[in-house]
Every structure is written in structure tokens, then in C-alpha cells.
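Just passing along the structure, written as C-alpha cells.
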Amino acid sequence: MKSENDLVTVIVTLYNKEKYIEHCLRSIANQSYHKLEIIVVNDGSTDNSLLVAKKIENEDKRFKIIDKGNGGLSSARNYGIKLAHGQRIIFIDGDDYIDKEYISNLMKYGMYDLVISGFYESLNGKKIKECKPKNRLLNKEHFKDYVFNSRHYFYCVLAWNKLFKTDIIKKYNLQFENIVMGEDADFFFKYLAYCKNIKIIAEADYCNVIVPNTLSRRRVANLWQHNLKVVNSARKNLSITKKDYTFLVMRSIKVTLGANCKKYADFKLALKEIKKSPEYKKINIVNIFEKQNELIYIGIKLNLVKVLQEMFKIRTKEHS
């Protein structure tokens with residue numbers, strides 16, 4: 001089925017993004033792909049974000065501004081899904097923006113159940129990182145081998161670098177959960193369960209703007225438990241193997257230890273919580289297929305706390 005002329009619903013979530021929202025919305029308005037329904041969900045902003053969005057709505061009839069009480073990111077996205085009329089859905093965060101060909105490049109492959117693109121990161125107006133995956137078409141039997149791999153996982157589980165089919169989302173009533181973190185991964189796992197194919201494209205036309213002190217960059221309490229919810233979501237929605245489960249638990253370990261590596265006392269406490277958890281006790285080195293994960297697992301087994309802390313300090317610097 002050709003999709004070049006399908007209506008695309010772009011759902012923009014907005015909460016106190018006065019500084020960024022005009023650039024975001026104008027980048028959508030200026031897309032080379034014109035057949036768009038742009039739903040901007042203002043989630044109870046207390047700054048001038050809504051006024052800026054309304055100004056652009058008055059200039060372009062494709063925009064529809066929804067003003068609702070604050071309910072969080074998941075609530076805003078779900079509201080947008082409910083109102084979507086397009087055959088495809090794209091999610092964009094209100095502080096990000098897209099290059100002119102972004103939607104057009106995605107829609108070239110709109111016949112597939114899911115399209116995943118690359119992206120780049122910007123800090124203070126300067127490009128600092130770029131993610132450009134290799135072009136690839138995945139069938140259902142190859143999904144998990146591709147996703148549960150450290151080279152791919154981080155861009156696979158995002159919500160905002162993708163083209164979704166609306167009928168899959170609405171037929172199975174897929175929604176974002178109102179959780180502290182991991183809502184993108186949870187939604188991705190639920191959606192993946194109903195996909196027959198995925199197209200990965202190398203184009204990196206989505207700009208993820210780095211905004212200091214946003215939730216994704218602040219320290220989260222009970223981080224280990226929040227990460228385990230993502231593991232459980234994968235178990236619930238997908239038929240995962242011991243290898244897949246081990247990968248997800250090891251990723252949860254890396255995220256938790258990385259967030260607590262600055263202070264020795266915090267790091268030691270996080271490591272202790274991990275070691276006593278049933279999830280950690282279930283994993284075995286025979287199901288670890290990545291060298292770095294193997295080294296971390298051995299370090300934990302041998303209780304090399306200071307060595308591990310230094311390792312994670314280096315990892316954190318490399319990824320910041």
C-alpha cells in the first residue's frame with residue numbers, strides 16, 4: 001500500500017517550553033511533506049508557551065492547539081492519540097525540532113509497520129552528537145536480536161524518532177503509561193508486539209535539544225526499581241529469551257550505577273540493592289554476549305566496588 005499521500009498526525013507535547021516551542025512548530029510547518037494534522041497538546045504550561053502556539057495556529061490551519069490541565073507527558077501524548085485522524089502518527093517533544101525533509105523521509109517507508117530514524121543532539125544551538133543507524137529492514141523474527149543490543153537499543157526505545165501506524169495504536173488501544181521514567185520503552189514494547197516489519201533508516205533529521213534539568217537528566221529516586229519496570233514491560237509484551245532478559249537487566253544495572261557513580265557512598269548503596277534483587281540473581285554470565293556487560297557482571301560478582309565506580313565515571317563522561 002502506497003503511503004506518500006497519507007495524512008500524518010504530528011503530536012507535539014508542550015509544557016513550559018516558551019523558549020523553544022516556536023522553533024519546534026515552525027520546523028513542522030515548513031516540512032516538505034504538507035499533508036499534516038498537527039496537534040499541539042499544552043499540558044498546563046504556566047509560562048507563555050500557549051500564547052506562542054496560538055499565534056502559529058492562527059497562521060496555519062493544519063495546527064490544532066489543545067489546552068488541558070497538567071497531567072504529565074504520557075497524559076498529553078495519549079490525548080493527542082485520541083484526537084488523531086491521520087493514517088500515521090509522529091511524536092515530537094516541544095523543545096525539539098525537525099529538519100525540512102524529516103517527515104518526507106519517514107513517509108517514503110510508510111508502508112511498513114514502524115519506521116525508525118536517526119537523530120542528532122543540540123546543546124546551546126550547536127550539534128554535539130549524531131546517531132545514524134544503517135539502513136535495514138527487519139522482519140518479526142529478527143526484532144529482538146536487533147533491539148536487545150547495546151548498539152541499537154537506545155534509539156529503538158525512543159518515542160520521538162519514529163513513524164507509527166495509527167490503526168495499530170488504536171486497534172489495540174496502546175497508550176503511554178503515567179510512570180516516572182521508561183514510558184517510551186514501555187510503549188515501544190507494546191507496539192512492537194503487533195508489528196510484522198520495521199524499517200530502519202539512516203537519515204538523522206530529528207534534533208533532540210538538550211535542556212538542562214529536565215526530568216530525563218535529573219537524578220531519579222528509586223532508579224533501580226523504575227528500570228525494572230521496563231524489564232517487566234518487555235517480559236509482559238514480548239516473548240523474551242534468557243539472553244534478552246539478561247541484556248535488559250544488565251542495561252538496568254548500567255543505568256542505575258551510572259546515575260550513582262559520582263559519590264562512593266551512593267554507588268555502593270546502589271550496588272548493594274542490585275545484588276540483593278531477585279532479578280539480578282536470575283541472570284547468568286552464559287547469557288551475556290557483550291564484552292562490557294561481561295566485565296561489569298564479573299566486577300559485581302567479585303565486589304570490586306571502587307573499580308566499578310571508576311569505570312562508570314569514565315562511561316558517564318563519554319556519554320555526556
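Throughout, numbering of the chain's residues begins at 1 and tracks the sequence. Fair warning: this is a prediction, and the values are worked out from it, not measured in the lab. Note that these values count all heavy atoms, side chains included, but never hydrogens, waters or copies made by symmetry.
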Subject >> Candidate list Y155, F188, F119, F91, test ring-ring contact (aromatic ring centres under 6.0 Å, His included), partner W160, passing option >> reply: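 Only match with W160 under ring-ring contact (aromatic ring centres under 6.0 Å, His included): F119.
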Original post:
Do you reckon V41 sits in the same ILVMFWY cluster as I98, going by side-chain contacts under 4.5 Å, direct or chained?
Top reply: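 As far as the 4.5 Å side-chain criterion goes, I98 and V41 are not connected within one cluster.
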Subject >> Side chains of S75 and N78, donor plus acceptor under 3.5 Å >> reply: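 Per modelled atom types, S75 and N78 side chains form no pair under 3.5 Å.
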Subject >> Non-neighbouring partners of K55 that pass side chain to side chain contact (heavy atoms under 4.5 Å, CB included), sequence neighbours left out >> reply: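 Here the qualifying residues are E22, R26, E59.
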**OP:** Indicate, with yes or no, if the rings of F143 and F148 have centres closer together than 6.0 Å.
**Re:**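 Between F143 and F148, the centre distance exceeds or equals 6.0 Å.
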Subject >> Non-hydrogen side-chain atoms of V12 and D93 separated by less than 4.5 Å >> reply: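 In short, these two side chains do not touch, never coming nearer than 4.5 Å.
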Original post:
Does the R315 side chain pair with the main chain of G258, one donor and one acceptor, at a distance under 3.5 Å?
Top reply: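 Between the backbone of G258 and the side chain of R315 there is no qualifying donor-acceptor contact (under 3.5 Å).
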**OP:** Please check if the side chain of H152 supplies one atom and the backbone of Y146 the other of a donor-acceptor pair under 3.5 Å.
**Re:**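 Such a contact is found between H152 side chain and Y146 backbone.
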Original post:
Is there a donor in the side chain of E203 and an acceptor in the side chain of N105, or the other way round, less than 3.5 Å apart?
Top reply: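 Their side chains do not contain a donor-acceptor pair, so the 3.5 Å distance test is not met.
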Subject >> Pair D113 + K196: basic N to acidic O under 4.0 Å >> reply: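 The answer is no: the pair does not qualify as a salt bridge.
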**OP:** Run the ring-centre check on F164 versus F187 and record whether the distance is less than 6.0 Å.
**Re:**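 Under 6.0 Å, so yes.
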Original post:
Under a 4.0 Å N-O cut-off, is there an ion pair linking D186 with K190?
Top reply: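 The answer is yes: the pair qualifies as a salt bridge.
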Original post:
Parallel, tilted or perpendicular for F189 and Y153, by the 30°/60° rule?
Top reply: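 Aromatic pair F189/Y153 classed tilted.
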Original post:
Would you call F154 and C131 a side-chain contact if the rule is heavy atoms closer than 4.5 Å?
Top reply: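 In short, these two side chains touch, coming nearer than 4.5 Å.
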**OP:** Please answer whether the main-chain N or O of R151 pairs with a side-chain N or O of N149 as donor and acceptor at a distance below 3.5 Å.
**Re:**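 Yes, the answer is positive, given that a donor and an acceptor are paired below the 3.5 Å cut-off.
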Original post:
Does K68 come within less than 4.0 Å of D43, counting only side-chain N to carboxylate O?
Top reply: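 Yes, charged N to carboxylate O under 4.0 Å.
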Original post:
Are K276 and E273 within salt-bridge range, i.e. N to O under 4.0 Å?
Top reply: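 Looking at E273 together with K276, the answer is no, because their closest N to O distance does not fall below 4.0 Å.
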**OP:** For the pair D167 and K165, find out whether any cationic side-chain nitrogen is under 4.0 Å from an anionic carboxylate oxygen.
**Re:**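 No.
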Original post:
So, do I296 and M311 sit near enough that their side-chain heavy atoms are less than 4.5 Å apart?
Top reply: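 Yes. Closest side-chain heavy atoms under 4.5 Å.
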Original post:
Is there a donor-acceptor pair under 3.5 Å between the side chain of S252 and the backbone N or O of L248?
Top reply: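 Indeed, once roles are kept as given, a pair shorter than 3.5 Å links the two residues.
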Original post:
Would you find more than 12 non-hydrogen atoms of other residues, nucleotides or ligands less than 6.0 Å from Y280 atom OH?
Top reply: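 Counting other residues, nucleotides and ligands, OH of Y280 exceeds 12 neighbours.
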Subject >> Atom pair OG/CG of S49 and L14 - distance to nearest 0.5 Å >> reply: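 Here the interatomic distance stands at 4.5 Å.
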Original post:
Any side-chain donor-acceptor pair under 3.5 Å between E101 and S32?
Top reply: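 Their side chains do contain a donor-acceptor pair, which is all the 3.5 Å distance test asks for.
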Original post:
Is E57 paired with K54 through a side-chain N to carboxylate O contact shorter than 4.0 Å?
Top reply: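 Salt bridge flag = yes for E57 with K54.
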**OP:** Would you mind reporting whether Y109 and L163 have side-chain heavy atoms less than 4.5 Å apart?
**Re:**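 SC-SC contact between L163 and Y109 ruled out.
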**OP:** Indicate if V230 and L228 have the same hydrophobic cluster label, given that clusters are the connected sets of ILVMFWY residues with side-chain heavy-atom separations under 4.5 angstrom.
**Re:**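 Same cluster: V230 reaches L228 through Ile, Leu, Val, Met, Phe, Trp or Tyr contacts under 4.5 Å.
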Original post:
Would you call R77 and D184 a salt bridge, taking side-chain N to carboxylate O under 4.0 Å as the test?
Top reply: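 Salt bridge present between R77 and D184.
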Original post:
Taking the side chain as C-beta and beyond, is there a heavy-atom pair between K140 and N197 under 4.5 Å?
Top reply: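 No; the side chains remain at least 4.5 Å from each other.
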**OP:** Ignoring hydrogens and angles, state whether a donor on the side chain of N16 or T46 is under 3.5 Å from an acceptor on the partner side chain.
**Re:**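 There is such a pair (donor and acceptor under 3.5 Å, judged by atom type) between the side chains of N16 and T46.
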Original post:
Are Y297 and T246 close enough that some pair of their side-chain heavy atoms sits under 4.5 Å apart?
Top reply: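 No; the side chains remain at least 4.5 Å from each other.
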Original post:
Considering only heavy atoms from C-beta outward, does the side chain of K275 approach that of N303 to under 4.5 Å?
Top reply: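 Touching, per the 4.5 Å side-chain cut-off.
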Original post:
Under 3.5 Å, is there a donor-acceptor pair between the D96 and Y206 side chains?
Top reply: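 Per modelled atom types, D96 and Y206 side chains form a pair under 3.5 Å.
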Original post:
Do S74 and E177 meet the criterion of a side-chain donor-acceptor pair at a distance under 3.5 Å?
Top reply: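 Absent: no donor and acceptor within the cut-off.
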Original post:
Within 45° of the ring axis of F312 and under 6.0 Å from its six-membered ring centre, is that where the NZ or CZ of K254 lies?
Top reply: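 The answer is no, since K254 fails at least one limit relative to F312.
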**OP:** Taking the side chain as every heavy atom from C-beta outward, state whether C261 and L257 have any pair of such atoms under 4.5 Å apart.
**Re:**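 No, side chains not in contact.
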Original post:
Got more than 12 heavy atoms from elsewhere within 6.0 Å of CG, N124?
Top reply: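 No, not enclosed.
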